[in-house]
Amino acid sequence: MKTISMPDDFYFEGYRFSFDKQAIPKDAVYEYLSGESYWAKGISMELVERSVENSICLGIYNVEGQLVGFGRMITDQAVFAYLADIFILEAYRGKGLSKIMVQAFCDLAEQFQVRRTMLATLDAHGLYAQFDFEQLTNPERFMTRSGVTY
């Protein structure tokens, strides 16, 4: 079995991007997802911790080491990947950080040679289109099953 290690930390305009899950301040992720996001409002800390533990995560940190952005990839590292919980704190938007994050996840998906990477978004279609994400061409083939609501 081919093992792919996570990329080393890298920098963009003074911001550190790291795939080190141990460094992610889960309380900061929880605070944003639970209180600020439209997709996970009310999520519990326990679910945030479990989602981080079971995903490939990328944190973005400012020069003081504070988390300013986060995202995760849910994947089998073979044929499928799903991007989730991608956010940049409002004070840090407009600096190109989300583009660097999405590119890093796309690069990782290419390393894994996944066949399909998916995501859902309400308002960031323009961002993801820059990385060749597109509307479902055959939405009738896709189904969803609702689970727990927060």
Side-chain angles (χ1 to χ4, degrees), residues 1-7 9-10 12 15 17-61 67-150:
M1 181 189 311
K2 182 179 178 183
T3 302
I4 297 175
S5 60
M6 290 301 101
D9 290 3
F10 61 94
F12 171 76
Y15 293 91
F17 289 70
S18 178
F19 283 98
D20 179 6
K21 277 197 283 196
Q22 305 311 313
I24 293 171
K26 293 174 195 75
D27 57 333
V29 174
Y30 164 75
E31 185 176 311
Y32 183 85
L33 292 178
S34 179
E36 302 294 322
S37 76
Y38 64 82
W39 64 90
K41 200 168 282 296
I43 192 171
S44 71
M45 180 64 164
E46 188 272 330
L47 285 179
V48 169
E49 289 172 339
R50 195 164 13 134
S51 71
V52 168
E53 182 179 321
N54 292 298
S55 303
I56 295 171
C57 299
L58 180 58
I60 305 173
Y61 305 90
L67 184 79
V68 301
F70 172 82
R72 62 191 186 93
M73 177 187 277
I74 305 154
T75 182
D76 58 9
Q77 299 185 22
V79 297
F80 183 78
Y82 185 88
L83 300 184
D85 296 335
I86 293 180
F87 68 84
I88 305 294
L89 296 180
E90 191 169 347
Y92 296 90
R93 294 179 187 161
K95 301 176 184 302
L97 300 175
S98 62
K99 291 179 185 179
I100 300 299
M101 177 184 289
V102 174
Q103 183 65 62
F105 279 130
C106 288
D107 291 348
L108 201 53
E110 287 179 15
Q111 277 188 280
F112 296 149
Q113 298 180 317
V114 300
R115 186 172 182 193
R116 175 172 287 128
T117 302
M118 296 183 75
L119 58 84
T121 185
L122 178 67
D123 57 2
H125 296 80
L127 166 66
Y128 297 113
Q130 295 173 57
F131 298 92
D132 299 325
F133 284 88
E134 54 192 25
Q135 298 283 330
L136 293 175
T137 54
N138 301 102
E140 68 278 2
R141 293 183 183 181
F142 291 85
M143 298 180 73
T144 185
R145 179 178 178 269
S146 295
V148 176
T149 57
Y150 310 128

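- At least one donor-acceptor pair under 3.5 Å links the side chain of Q130 to the backbone N or O of G126.
- Classified by interplanar angle (parallel below 30°, tilted 30° to 60°, perpendicular above 60°), the ring pair Y15/Y92 is perpendicular.
- Using a distance-only test at 3.5 Å, with no hydrogens or angles considered, a donor-acceptor pair links the side chain of T75 to the main chain of F80.
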- Query: Is there a side chain to side chain contact (heavy atoms under 4.5 Å, CB included) between V79 and R116 once you walk through the steps?
  - Reply: CA-CA 7 Å; V79 297; R116 175 172 287 128; over 6 Å; no
- Message: For T121 and H125: C-alpha separation, side-chain torsions, deciding distance, then whether side chain to side chain contact (heavy atoms under 4.5 Å, CB included) applies.
- Response: CA-CA 7 Å; T121 185; H125 296 80; 3.8 Å; yes
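- With contacts defined as side-chain heavy-atom distances shorter than 4.5 Å, the pair F70/I60 does not qualify.
- A distance-only check finds a donor-acceptor pair linking the side chain of K21 to the backbone of E53 [under 3.5 Å].
- R93 places a side-chain N or O within donor-acceptor distance of the main-chain N or O of I88, the cut-off being under 3.5 Å.
- Using a distance-only test at 3.5 Å, with no hydrogens or angles considered, a donor-acceptor pair links the side chain of S18 to the main chain of D20.
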- Message: Checking W39 against L33 for the side chain to side chain contact (heavy atoms under 4.5 Å, CB included) test, could you report, in this order, the C-alpha distance in whole Å, the side-chain angles of both residues, the deciding distance, and whether it holds?
- Response: CA-CA 8 Å; W39 64 90; L33 292 178; 3.6 Å; yes
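- Listed for the N138 side chain is no donor-acceptor partner under 3.5 Å among the backbone atoms of E140.
- Contact of the M73 side chain with the F112 side chain is registered, since non-hydrogen atoms from C-beta on lie closer than 4.5 Å.
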- Message: Applying side chain to side chain contact (heavy atoms under 4.5 Å, CB included) to S37 and F87, what does each step give before you reach the verdict?
- Response: CA-CA 8 Å; S37 76; F87 68 84; over 6 Å; no
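- Defined by atom type and a distance below 3.5 Å, a donor-acceptor pair is present between the side-chain atoms of D107 and Q103.
- Atom CD1 of I56 is separated from atom CG of L108 by 5.0 Å, given to the nearest 0.5 angstrom.
- Counted within 6.0 Å of CD on Q22, heavy atoms from surrounding residues, nucleotides or ligands total 12 or fewer; the atom is thus considered open.
- Here the side chains of D85 and V29 are not in contact, with every heavy-atom distance at 4.5 Å or above.
- Counting heavy atoms of neighbouring residues, nucleotides and ligands inside a 6.0 Å radius, atom NZ of K41 exceeds 12 of them.
- Between F17 and F12, the ring planes lie perpendicular to each other; the angle is over 60°, past the 30° to 60° tilted range.
- Using a 4.5 Å heavy-atom cutoff, the side chains of Y82 and S55 are not in contact.
- Separation of atoms CG (D27) and CD (E49) is listed at 9.5 Å; rounding is to 0.5 Å.
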